Trainee: 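Please see the structure below; I have some questions.
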Amino acid sequence: MSISFELIRNCPETGARLGKLATGHGTVDTPAFMPVGTQGTVKGISTGELTELGTEMILANSYHLYLRPGVEIVARTGGLHRMMNWSGGIITDSGGFQVFSLGGLRKVEDDGVTFTSHIDGSTHYLTPERVMRIQNILGSDIAMVLDQCPPYPMPYAEMQLAVERTTRWAARCRDAHLREEQALFGIVQGGVYRDLREQSAAELVEMDFPGYAIGGLSVGEPKELMYDILDLLDPLLPAEKPRYLMGVGSPDALLEGSRLGVDLFDCVLPTRIARNGRVMTSRGYLNIRNAVYAADTAPLDEECGCPVCANYTRAYIRHLFNAGEILGMRLTSYHNLYFLAQLMLKIREAIRENGFALFYGQMKKKLDQYYGGAGKCKSC
RNA sequence: GGAGAGGUACCCAAGUCGGCCAAAGGGGGCAGACUGUAAAUCUGCUGGCAUUGCCUUCGCUGGUUCAAAUCCAGCCCUCUCCA
């Protein structure tokens, strides 16, 4: 068995689930947030620090690792886990997101996708079979099927084609998947069209994957539409299998996603905004580059217990950013990952204690206040 | 003392045979964006005030002109070379 998922508790009042996902590289307490390490590194954070942060699984990217350093190098260095010195879990994305994000550099056809490398301009042809081979070699604990992730908005007819293609590719990925200890997740597409989501979910469930991802959300649509789709999918996906909402990582969306039955999340948000000076705090986002923090001796977040907040002032971190010092980004990245890890920890505790509904109400009020609008920190 | 080069906005630096110049570009500064990472990236603002517009500004002072950062005169200052 590649992975096992134990559903420990269902929230009696909401769709929230407490679970435990076991892979060949440890277990993951769910709902969980997984930091993104696209190129075999969570940018700026060592694997020792990831462990410190309580990270149990990260997301890496097949397409990027295939381009550089190349799967042969990863294989020769002992596989992705050993290469990056990470003993926890790894999910590899298939490259499906690059079908979306590298819009100008790729051509999608039924058989596969032609990419123009953003690194050197070379041409690469990825099919479901090749993507599976890449992930098999990388040796991630969970592989993802190749999917077509369309942008928002997308006309119905085109979305329908993307759903059908994603289903066909999922079947091909399943057939091409060789590595037994590696699980393969299907990815539900369909944008914000309810019937297409139902169709996509039904077709994938039919294929009996060990877990299901929800893709094609948080690509520009209003959050309410995303939540509607999650609500729709909750009863359609098998309860005994993990659900993974791809690409979602704002605090409010993690809370809402958890309420709607999501077990796994990943997102570049905490690390990316951190490198650009924005930190998540108990009182909303704070841009540490802002002049008001020039002489501020408070920590990033007064309610935070992370080592960054215990040891460094806003004034210092702002100085590091203004001076272009690499430590600034490392500190904010660490803090943001800690912030989300704590949020998920609280969510799990609440479910475990049968107090999620109450917790949700209180936390939602707080997050709406601080993160609901434009994301401005209300204390600023 | 002689010869030459130059002083432009917070800094550096274009522009100088007159108008299209509140003045290129870069830096710095200020703010914003970022959600399965082409991202330590990208965008906007950066003389003042107000709605198009007006006002003050290119070392200083004066002059020529309808019009001057640009032309003329004097002065102040900086740098290089020669004595």
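For clarity, every value in this text was computed on a predicted model and none was experimentally measured. So that the names make sense, note that chain A is the first sequence line, chain B the second, and so on, each numbered from 1.
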Trainee: Could you give the CD-to-C1' distance, from Glu221(A) to U35(B), as a whole number of Å?
Mentor: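 Distance check: Glu221(A) CD to U35(B) C1' gives 10 Å.
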
Trainee: For A83(B), give its Watson-Crick or G-U wobble partner with both distances under 3.5 Å, or none.
Mentor: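 No nucleotide pairs with A83(B).
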
Trainee: Take the protein atom OH of Tyr293(A) and the nucleotide atom C1' of G29(B), then report the distance between them rounded to whole Å.
Mentor: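 It works out to 18 Å between those atoms.
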
Trainee: For U37(B), take OP1 and OP2 only and decide whether either is under 4.0 Å from a side-chain N or O of Gln98(A).
Mentor: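 Indeed, a polar side-chain atom of Gln98(A) lies that close.
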
Trainee: Met363(A) and side chain to side chain contact (heavy atoms under 4.5 Å, CB included): which partner among Asp368(A), Ile347(A), Leu343(A), Asp252(A)?
Mentor: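 Considering Asp368(A), Ile347(A), Leu343(A), Asp252(A), a side chain to side chain contact (heavy atoms under 4.5 Å, CB included) with Met363(A) is found only for Leu343(A).
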
Trainee: Watson-Crick or G-U wobble partner for A5(B), using a 3.5 Å limit on both distances?
Mentor: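 Looking at the geometry, A5(B) pairs with U78(B).
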
Trainee: Think Arg278(A) forms a cation-pi with Tyr285(A), using NZ or CZ under 6.0 Å from the six-ring centre and within 45 degrees of its axis?
Mentor: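 So Arg278(A) does make the cation-pi contact.
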
Trainee: Respond yes when some side-chain nitrogen or oxygen of Arg318(A) is under 4.0 Å from OP1 or OP2 of C30(B), and no when none is.
Mentor: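 Yes, such a contact exists.
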
Trainee: Assign the ring pair Tyr193(A) / Tyr156(A) to parallel, tilted or perpendicular, where the plane angle (0 to 90°) is split at 30° and 60°.
Mentor: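 Answer is perpendicular, since the angle exceeds 60°.
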
Trainee: Does a distance-only test, which skips hydrogens and angles, find a donor-acceptor pair under 3.5 Å between the side chain of Arg289(A) and the base of G32(B)?
Mentor: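 Answer yes: a donor N or O sits under 3.5 Å from an acceptor.
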
Trainee: With a 3.5 Å limit on both atom pairs, tell me what C45(B) is paired to, counting Watson-Crick and G-U wobble, or say none.
Mentor: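 Per the H-bond distance test, G29(B).
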
Trainee: If we ignore angles and hydrogens, is there a donor and acceptor under 3.5 Å between the side chains of Glu49(A) and Ser46(A)?
Mentor: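 Yes, side-chain donor-acceptor contact under 3.5 Å.
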
Trainee: Strictly by Watson-Crick or wobble contacts shorter than 3.5 Å, is anything paired with G36(B), and which nucleotide is it?
Mentor: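 Its partner: none found.
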
Trainee: Using whole Å, what does the distance between atom C1' of nucleotide C34(B) and atom OH of Tyr371(A) come to?
Mentor: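 Going from OH in Tyr371(A) over to C1' in C34(B) covers 15 Å.
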
Trainee: Please determine whether a side-chain nitrogen or oxygen atom of Ser218(A) lies at a distance below 4.0 Å from atom OP1 or OP2 of G36(B).
Mentor: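 Ser218(A) to G36(B) OP1/OP2: no side-chain N or O under 4.0 Å.
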
Trainee: Report yes if at least one side-chain N or O of Thr38(A) is closer than 4.0 Å to OP1 or OP2 of U37(B); otherwise report no.
Mentor: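 For Thr38(A), the contact criterion (side-chain N or O under 4.0 Å from OP1 or OP2 of U37(B)) is met.
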
Trainee: Answer yes or no: does a side-chain N or O of Asn61(A) lie under 4.0 Å from OP1 or OP2 of U37(B)?
Mentor: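 So the side chain of Asn61(A) is within the cut-off, an N or O lying under 4.0 Å from OP1 or OP2 of U37(B).
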
Trainee: Side chain of Asn322(A), base of G29(B): donor and acceptor closer than 3.5 Å?
Mentor: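 By the distance-only test, no, there is no pair.
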
Trainee: Any side-chain N or O of Arg272(A) under 4.0 Å from OP1/OP2 of U35(B)?
Mentor: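 Yes, Arg272(A) has a side-chain N/O under 4.0 Å of OP1/OP2 on U35(B).
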
Trainee: Does A31(B) have OP1 or OP2 under 4.0 Å away from a side-chain N or O of Asn290(A)?
Mentor: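 Yes.
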
Trainee: Begin with the C-alpha distance, continue with both residues' side-chain angles, and end with the deciding distance and a verdict on side-chain hydrogen bond (donor to acceptor under 3.5 Å, both in side chains) for Tyr370(A) and Arg283(A).
Mentor: CA-CA 6 Å; Tyr370(A) 293 125; Arg283(A) 306 201 59 194; 3.3 Å; yes

Trainee: Are Asn276(A) and A40(B) close enough that a side-chain N or O sits under 4.0 Å from OP1 or OP2?
Mentor: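 Looking at the OP1 and OP2 atoms of A40(B), neither is under 4.0 Å from any side-chain N or O of Asn276(A).
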
Trainee: In the structure shown, which nucleotide is the Watson-Crick or G-U wobble counterpart of A22(B), with both distances under 3.5 Å?
Mentor: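 Partner of A22(B): none.
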
